[in-house]
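Written below as structure tokens is the structure these notes are about.
Quantities reported herein were computed from a predicted structural model and do not represent experimental measurements.
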Amino acid sequence: MDKKNYAEMVKRYSPNSKIFSNCLWAFFVGGTICLIGQILTTLYMKMHFTISDARLMTSVSLVGLSAIFTALGWYHKIAKRAGAGTLVPITGFANAVVSPAIEFKSEGYITGVASKMFIIAGPVIVYGTLASVIYGVIYWMSRRF
């Protein structure tokens, strides 16, 4: 089979992409997560937290909710429909840590949960830290010279 025939076969049997509706779902779900974060911040400020503490509490709340939704299997159902909309950094990161931990729990707490917990999130942490160090050095050098 040549490349042209293969390309035609792939096109014929591949499902049509619903890019517009997928983008809308991602937009609305991601926006809803951000809206929930803003509502939480406002609620914490009404509870007389400082703005800094309210933002901290919002982050903790969103991570906790994301972990609970992941454990209950709800996060996966939402992500199936919303795709990238669930990758709002803080909730997506919490899901990336909790999912492997739950999946490998049967292998034990040390060899399963602890060793597999950062299998997805680990590279993000490593390269994020590396990028921030490089950025910091460039910034320091630009201010120094």
Practice task
Check whether Ile68 and Ile33 end up in the same hydrophobic cluster, where Ile, Leu, Val, Met, Phe, Trp and Tyr are linked by side-chain heavy atoms less than 4.5 Å apart.
Solution key: yes
Handout entry: Heavy-atom pair with the smallest gap, counting every atom of Leu40 and Thr58
Key = C-OG1, 3.7 Å
Problem - Side-chain heavy-atom pair His76, Thr70 within 4.5 angstrom cut-off - result: no
Handout entry: Where Gly37 and Leu62 come nearest, the two heavy atoms and their spacing
Key = CA-CD1, 4.0 Å
Exercise for the section: Establish whether Tyr127 and Val124 are linked, either directly or via other cluster members, by ILVMFWY side-chain heavy-atom contacts under 4.5 Å. Expected result: no
Exercise for the section: Please round to the nearest 0.5 Å and tell me the distance separating atom NZ of Lys18 and atom SG of Cys23. Expected result: 13.0 Å
Handout entry: Verify same cluster id: Phe28, Phe20 (apolar side-chain graph, 4.5 Å)
Key = yes
Problem - Donor-acceptor under 3.5 Å (Thr91 side chain, Val88 main chain) - result: yes
Completion exercise
Those residues at least two apart in sequence (or on a different chain) that pass ring pair (Phe, Tyr, Trp, His ring centres under 6.0 Å) with Tyr75 are none
Practice task
Starting from the C-alpha separation in whole Å, work towards a yes-or-no answer on side chain to side chain contact (heavy atoms under 4.5 Å, CB included) for Trp74 and Leu65.
Solution key: CA-CA 11 Å; Trp74 298 349; Leu65 287 171; over 6 Å; no
Handout entry: Over 12 foreign heavy atoms within 6.0 Å of CD1, Ile110
Key = no
Exercise for the section: Can you see which heavy atom on Pro123 is nearest to which on Phe118, and at what distance? Expected result: CD-O, 4.0 Å
Exercise for the section: Would you check if the side chain of Thr111 reaches a backbone N or O of Gly108 as a donor-acceptor pair within less than 3.5 Å? Expected result: no
Practice task
Examine Val97 and Ile125 and state if one hydrophobic cluster contains both, with Ile, Leu, Val, Met, Phe, Trp and Tyr joined whenever side-chain heavy atoms are less than 4.5 Å apart.
Solution key: yes
Practice task
Can you sort out the partners of Thr50 under side chain to side chain donor-acceptor pair (under 3.5 Å), two or more places apart, ordered by chain and number?
Solution key: Asp53
Practice task
Taking the side chain as every heavy atom from C-beta outward, state whether Phe104 and Ser115 have any pair of such atoms under 4.5 Å apart.
Solution key: no
Practice task
Kindly work out whether a path of hydrophobic side-chain contacts (I/L/V/M/F/W/Y, heavy atoms less than 4.5 Å apart) joins Phe49 to Val63.
Solution key: yes
Practice task
Step through the shown structure and confirm whether more than 12 heavy atoms of other residues, nucleotides or ligands are within 6.0 Å of CD1 on Ile19.
Solution key: no
Practice task
Would you kindly say whether Asn95 and Ser66 are connected by a side-chain donor-acceptor distance under 3.5 Å?
Solution key: no
Exercise for the section: Give the minimum heavy-atom separation between Met117 and Pro100, together with the two atoms involved. Expected result: O-CG, 4.1 Å
